[in-house]
Amino acid sequence: MPTDTHYKLMRLLDANPGMSQRDAARELGVSLGKVNYCLRALIRRGWVKATNFKNSQNKAAYLYVLTPRGLRSKATLTVRYLQERVLEYEALRVEIEEMRREAGIPAQSIEPDPGSR
């Protein structure tokens, strides 16, 4: 069963096929070992294909391309990931509303700080 990291890695590689594992790890905020582990699992499933190429520094590198099967799986995972996030959002919204009621704070009096993003 693919994890959030597998899904996020698939999205990242779909957008940046020439990205190194090290850069992917940095972007995802996980260890290089975890990216390597997830990438190997995606390759074993036939969702990603790794191809050698020479990068701009004339060093050997890999191009990670989602296969047609990988693209279909990514679409399915995207729907599931979105459904999970919507459920989390709704639960958080209910919790925030309960906390406001308990504190006697009207809904409009606490707004997110626009500079905090």
Side-chain angles (χ1 to χ4, degrees):
M1 177 65 81
T3 64
D4 282 357
T5 305
H6 288 93
Y7 169 69
K8 289 176 182 178
L9 181 58
M10 288 176 76
R11 285 187 63 200
L12 193 59
L13 294 177
D14 193 25
N16 308 289
M19 180 176 265
S20 71
Q21 290 185 32
R22 188 171 309 282
D23 289 340
R26 193 174 303 116
E27 181 77 23
L28 296 173
V30 298
S31 71
L32 178 58
K34 184 167 188 172
V35 166
N36 184 271
Y37 176 83
C38 289
L39 188 55
R40 287 155 95 50
L42 293 172
I43 291 169
R44 270 194 311 277
R45 284 178 174 259
W47 293 0
V48 172
K49 181 179 178 184
T51 308
N52 289 333
F53 77 101
K54 296 272 186 190
N55 67 15
S56 60
Q57 291 91 26
N58 206 25
K59 294 167 78 178
Y62 286 95
L63 188 67
Y64 300 105
V65 179
L66 270 62
T67 64
R69 190 166 146 200
L71 289 169
R72 286 191 301 275
S73 297
K74 180 180 160 261
T76 301
L77 290 172
T78 298
V79 171
R80 189 172 74 212
Y81 188 82
L82 183 58
Q83 289 170 336
E84 290 171 0
R85 294 305 163 265
V86 168
L87 289 174
E88 288 174 7
Y89 168 77
E90 291 299 326
L92 186 56
R93 199 173 56 74
V94 168
E95 183 181 349
I96 289 170
E97 196 53 46
E98 288 173 1
M99 292 172 67
R100 284 181 170 156
R101 264 195 307 279
E102 289 172 7
I105 301 170
Q108 288 76 22
S109 62
I110 299 180
E111 294 299 320
D113 178 11
S116 67
R117 289 188 163 235

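All values below come from the heavy atoms of this structure, side chains included, with hydrogens, waters and symmetry mates left out.
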**Request:** Taking all non-hydrogen atoms of both residues into account, name the closest pair between Lys8 and Tyr81 and its distance.
**Result:** CE-OH, 3.1 Å

**Item:** Under-4.0 Å salt bridge between Asp4 and Arg80
**Value:** no

**Side-chain heavy-atom pair Tyr7, Thr78 within 4.5 angstrom cut-off** = yes

**Asked** Is any side-chain heavy atom of Tyr89 less than 4.5 Å from a side-chain heavy atom of Val94?
**Response** no

**Request:** Answer yes or no: are there more than 12 heavy-atom neighbours, outside Glu84 itself, under 6.0 Å from its atom CD?
**Result:** yes

**Asked** Say you draw a straight line from CD of Gln21 to CG of Leu9; how long is it, rounded to the nearest 0.5 Å?
**Response** 8.5 Å

**NZ-CD1 distance between Lys49 and Ile43, expressed to the nearest 0.5 angstrom** = 11.0 Å

**Request:** Output the distance between atom CZ (Arg72) and atom CG (Leu66), rounded to the nearest 0.5 Å.
**Result:** 11.5 Å

**Spacing of Arg69 atom CZ and Arg45 atom CZ [to the nearest 0.5 Å]** = 8.5 Å

**Item:** Thr51 OG1 to Tyr62 OH distance, which is reported to the nearest 0.5 Å
**Value:** 10.0 Å

**Asked** Minimum heavy-atom separation for Thr5 to Cys38, with atom names?
**Response** CG2-SG, 3.8 Å

**Exercise: identify the closest heavy-atom pair between Gly46 and Thr67** = O-OG1, 2.6 Å

**Shortest non-hydrogen separation from His6 to Ala41 and the atoms involved** = NE2-CB, 3.8 Å

**Item:** Leu32 reachable from Leu28 in the ILVMFWY side-chain graph, under 4.5 Å edges
**Value:** no

**Message:** In this structure, would Trp47 and Leu71 fall into the same cluster of hydrophobic residues linked by side-chain contacts under 4.5 Å?
**Reply:** yes

**Prompt:** In the hydrophobic clustering (ILVMFWY, side-chain contacts below 4.5 Å, transitive), which residues join Leu82, or is it alone?
**Reply:** Val86

**Partners passing side chain to side chain donor-acceptor pair (under 3.5 Å) against Asp23 (at least two apart in sequence or in another chain)** = Ser20, Arg26

**Message:** Just verifying a value: how many Å separate Glu97 CD and Leu92 CG, rounded to the nearest 0.5 Å?
**Reply:** 11.5 Å

**Prompt:** Which residues pass the ring pair (Phe, Tyr, Trp, His ring centres under 6.0 Å) test with Tyr37, sequence neighbours left out?
**Reply:** none

